[in-house]
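As structure tokens, the structure follows; a few thoughts come after it.
The model shown is predicted, which means the values in this text are computed figures rather than measured ones. Just so you know, these numbers use all the heavy atoms, side chains as well, and skip hydrogens, waters and symmetry mates. Below, chain A is the first sequence line, B the second, and so on; all start at residue 1.
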Amino acid sequence: METTLTRAIKPAAPYDFELTAGQPNYSRDQEFKTEDYIDGSYIRLLDLGDKVALARVESTGSVDDPELTIALTGDDLSDGDAERAGRQIAWLLGCDQNLRPFYDAVGDDPVLSEVVEQFYGYHNTRTASVFEALVQAVMGQQIATAVARIVRNLLIQNYGVRASIEGREWYAFPRADALATAEVGDLRQLKLSVRKSEYIRGIAQAALESPDGFEGMHDLPDEEVINRMVALRGVGQWTAQWVLVRALARPDGFPIGDLALRRTVAGLYFDGAEINDAELLEFSHRWSPWRSYATAYLFAALRAGRVAGS
DNA sequence: ACCCAGGCATTGG
DNA sequence: CCAATGCATGGG
């Protein structure tokens with residue numbers, strides 16, 4: 001029996017819902033979607049473990065007095081399900097992030113203070129799980145973002161959690177068990193290389209062997225997380241740092257080795273002059289302990305076309 | 001046609 | 001320990 005429940009959540013101010021929910025995903029012209037942002041509504045299929053629910057999120061507040069209202073549709077949803085879904089949405093959309101200390105800290109930074117003003121209230125979005133962050137990062141290694149999106153959609157379409165709600169097909173990211181048994185030959189059909197197919201399968205198997213997937217990482221310090229992540233085949237510094245930022249919401253992750261980030265910093269701070277990773281790492285400490293936020297805002301500036309060069 | 005893109009592991013010096 | 005290389009594919 002398809003039911004609909006609603007929940008309201010109060011993000012930490014300032015919170016710009018359109019900037020935050022509308023930024024990361026624009027999979028237009030797809031016959032399916034994992035998430036969408038249309039006419040002020042953020043729509044996404046949530047995997048609650050034993051069941052799924054379609055969440056439709058809208059802003060019912062303002063940037064400085066934010067409130068989000070979630071309408072949840074699924075089969076036989078209980079109040080407990082709605083509670084879990086509300087927490088998941090709050091997590092995914094970074095509702096708990098208090099930006100003020102970061103804003104204060106970059107007040108003297110001529111570049112970031114301007115970017116922060118332009119994207120006032122933009123929160124960093126997150127993945128639903130550590131496993132998802134790892135697989136997405138591996139898929140995105142060394143290929144253009146447009147290509148990465150195509151590959152990601154193929155993977156989701158073939159191995160993802162699927163549900164038909166309100167007369168339409170919706171997908172959520174594949175669970176580890178689905179990818180742990182995937183044949184490398186089949187993954188190759190999804191435009192993944194042999195190498196990446198092996199990485200992804202290995203990561204899925206490692207997730208299954210760990211009692212709680214990789215979710216125990218939430219309790220470990222940054223350095224310990226990095227060590228464990230890098231021990232996985234296919235995961236290096238860049239990927240591990242992205243896990244800190246995207247899956248664990250650590251405030252001070254920094255994806256050293258990221259080409260676009262390096263060029264963005266070079267463009268904004270060094271007049272376009274090339275810098276290497278070591279120089280970038282040293283430079284990045286001016287943003288500690290908020291480097292995750294700094295990174296998110298630098299990429300926002302990049303996407304908005306504020307940086308010269310590709 | 002060619003080159004590169006939000007890396008990583010492997011190999012050869 | 002460092003540099004070069006294969007990987008896969010779409011867009012400029």
Side-chain angles (χ1 to χ4, degrees), chain A residues 23-30 115 119 122 124-127 132-158 182-206 225-247 253-270 272 274-281 283-284 287 291-310:
Chain A
Q23 189 87 344
N25 22 262
Y26 37 84
S27 48
R28 310 220 182 292
D29 308 328
Q30 296 285 338
V115 176
F119 295 96
Y122 168 56
N124 205 2
T125 58
R126 299 155 177 165
T127 58
E132 178 178 339
L134 278 171
V135 174
Q136 286 205 33
V138 168
M139 280 191 299
Q141 287 167 3
Q142 174 56 24
I143 56 177
T145 52
V147 180
R149 196 166 64 239
I150 292 167
V151 176
R152 173 168 156 260
N153 282 339
L154 283 169
L155 188 83
I156 290 167
Q157 199 171 17
N158 282 274
E183 296 293 333
V184 167
D186 292 337
L187 291 174
R188 284 219 54 198
Q189 300 300 308
L190 310 182
K191 308 190 179 190
L192 285 161
S193 66
V194 172
R195 205 84 157 255
K196 284 186 183 175
S197 299
E198 291 169 355
Y199 296 162
I200 287 170
R201 214 167 84 124
I203 289 167
Q205 287 168 351
V225 173
I226 300 281
N227 289 340
R228 295 203 191 186
M229 294 291 98
V230 170
L232 296 167
R233 236 176 136 251
V235 179
Q237 276 296 320
W238 179 84
T239 304
Q241 291 287 340
W242 268 119
V243 168
L244 283 183
V245 175
R246 300 267 296 133
F254 192 72
I256 199 67
D258 189 302
L259 184 58
L261 179 60
R262 201 175 73 206
R263 288 213 293 236
T264 300
V265 172
L268 290 176
Y269 287 91
F270 293 91
E274 293 249 339
I275 55 172
N276 62 34
D277 282 340
E279 289 164 336
L280 177 58
L281 185 60
F283 190 76
S284 76
W287 303 310
R291 290 185 299 173
S292 294
Y293 297 90
T295 303
Y297 277 80
L298 289 169
F299 275 119
L302 174 67
R303 282 192 292 264
R306 286 235 17 233
V307 188
S310 73

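- C/dG6 and B/dC2 have their P atoms separated by 16 Å, given to the nearest Å.
- Listed by chain and number, the residues in a side chain to side chain donor-acceptor pair (under 3.5 Å) with A/Thr127 amount to none (sequence neighbours excluded).
- B/dC8 atom C1' lies 15 Å from atom CD1 of A/Ile226, rounded to whole Å.
- Residue A/Val147 is the one, among A/Arg195 and A/Val147, whose nearest nucleotide of DNA chain B lies closer to the 5' end (criterion: closest heavy atom).
- Residue contacts for A/Leu232: at a heavy-atom cut-off of 4.0 Å it reaches the sugar-phosphate backbone alone, with no base atom in range.
- Contact footprint of chain A on DNA chain C: nucleotides with an atom under 4.0 Å from a non-hydrogen protein atom, first to last in 5' to 3' order, C/dG6 to C/dG10.
- A/Ile143 places its CD1 atom 10 Å from the C1' atom of B/dG6, with the value rounded to the nearest Å.
- Residues satisfying the side chain to side chain donor-acceptor pair (under 3.5 Å) test with A/Arg201, not counting sequence neighbours, are none.
- For A/Phe270, the ring-ring contact (aromatic ring centres under 6.0 Å, His included) criterion is met by A/Phe283, not counting sequence neighbours.
- The side chain of A/Arg233 has B/dT10 as its nearest neighbour among B/dT10, B/dG6, B/dG7.
- Heavy atoms of A/Gly234 sit under 4.0 angstrom from primed sugar atoms or phosphate atoms, though from no base atom.
- When the C1' atom of B/dC4 is taken as reference, atom CG of A/Asp258 falls 15 Å away, rounded to whole Å.
- Heavy atoms of A/Val151 sit nowhere under 4.0 angstrom from any nucleic acid atom.
- Sequence order on DNA chain B of the closest nucleotides to A/Val235 and A/Leu261 puts A/Leu261 first from the 5' end.
- The distance between atom CG of A/Leu259 and atom P of B/dG7, rounded to the nearest whole Å, is 6 Å.
- Straight-line distance from the CD1 atom of A/Ile200 to the P atom of B/dG7: 15 Å, rounded to whole Å.
- Ring-to-base geometry does not place A/Trp238 in a stacked arrangement with B/dG6 (centre distance under 5.5 Å, plane angle under 30° required).
- Judged purely by atom type and a 3.5 angstrom limit, A/Arg188 has no side-chain atom pairing as donor or acceptor with the backbone of A/Ser193.
- Applying the 4.0 Å criterion to OP1 and OP2 of B/dA5, one finds that A/Arg263 has a side-chain N or O inside that range.
- Using atom P as the reference point in both B/dG6 and C/dG12, the two lie 13 Å apart (nearest Å).
- In this structure, the ring-ring contact (aromatic ring centres under 6.0 Å, His included) partners of A/Tyr293, at least two apart in sequence or on a different chain, are A/Phe102, A/Trp290.
- With sequence neighbours left out, the side chain to side chain donor-acceptor pair (under 3.5 Å) criterion links A/Gln241 to no other residue.
- The separation between A/Gln237 atom CD and B/dA9 atom P is 10 Å, rounded to whole Å.
- Proximity of A/Thr264 to the phosphate of B/dG6: no side-chain N or O atom is located under 4.0 Å from OP1 or OP2.
- Residues A/Trp238 and A/Gln141 form a side-chain contact, since some pair of their non-hydrogen atoms from C-beta on lies under 4.5 Å apart.
- Counting heavy atoms from C-beta on, the side chains of A/Thr239 and A/Leu134 come closer than 4.5 Å.
- A/Arg149 has its CZ atom 12 Å from the P atom of B/dG6, to the nearest Å.
- Between A/Gln141 and B/dG7, a side-chain N or O to OP1/OP2 separation shorter than 4.0 Å is absent.
- Atom CE of A/Met139 is separated from atom P of B/dG6 by 16 Å (rounded to the nearest Å).
- Annotation: B/dT10 and C/dA8 have their P atoms spaced 16 Å apart (nearest Å).
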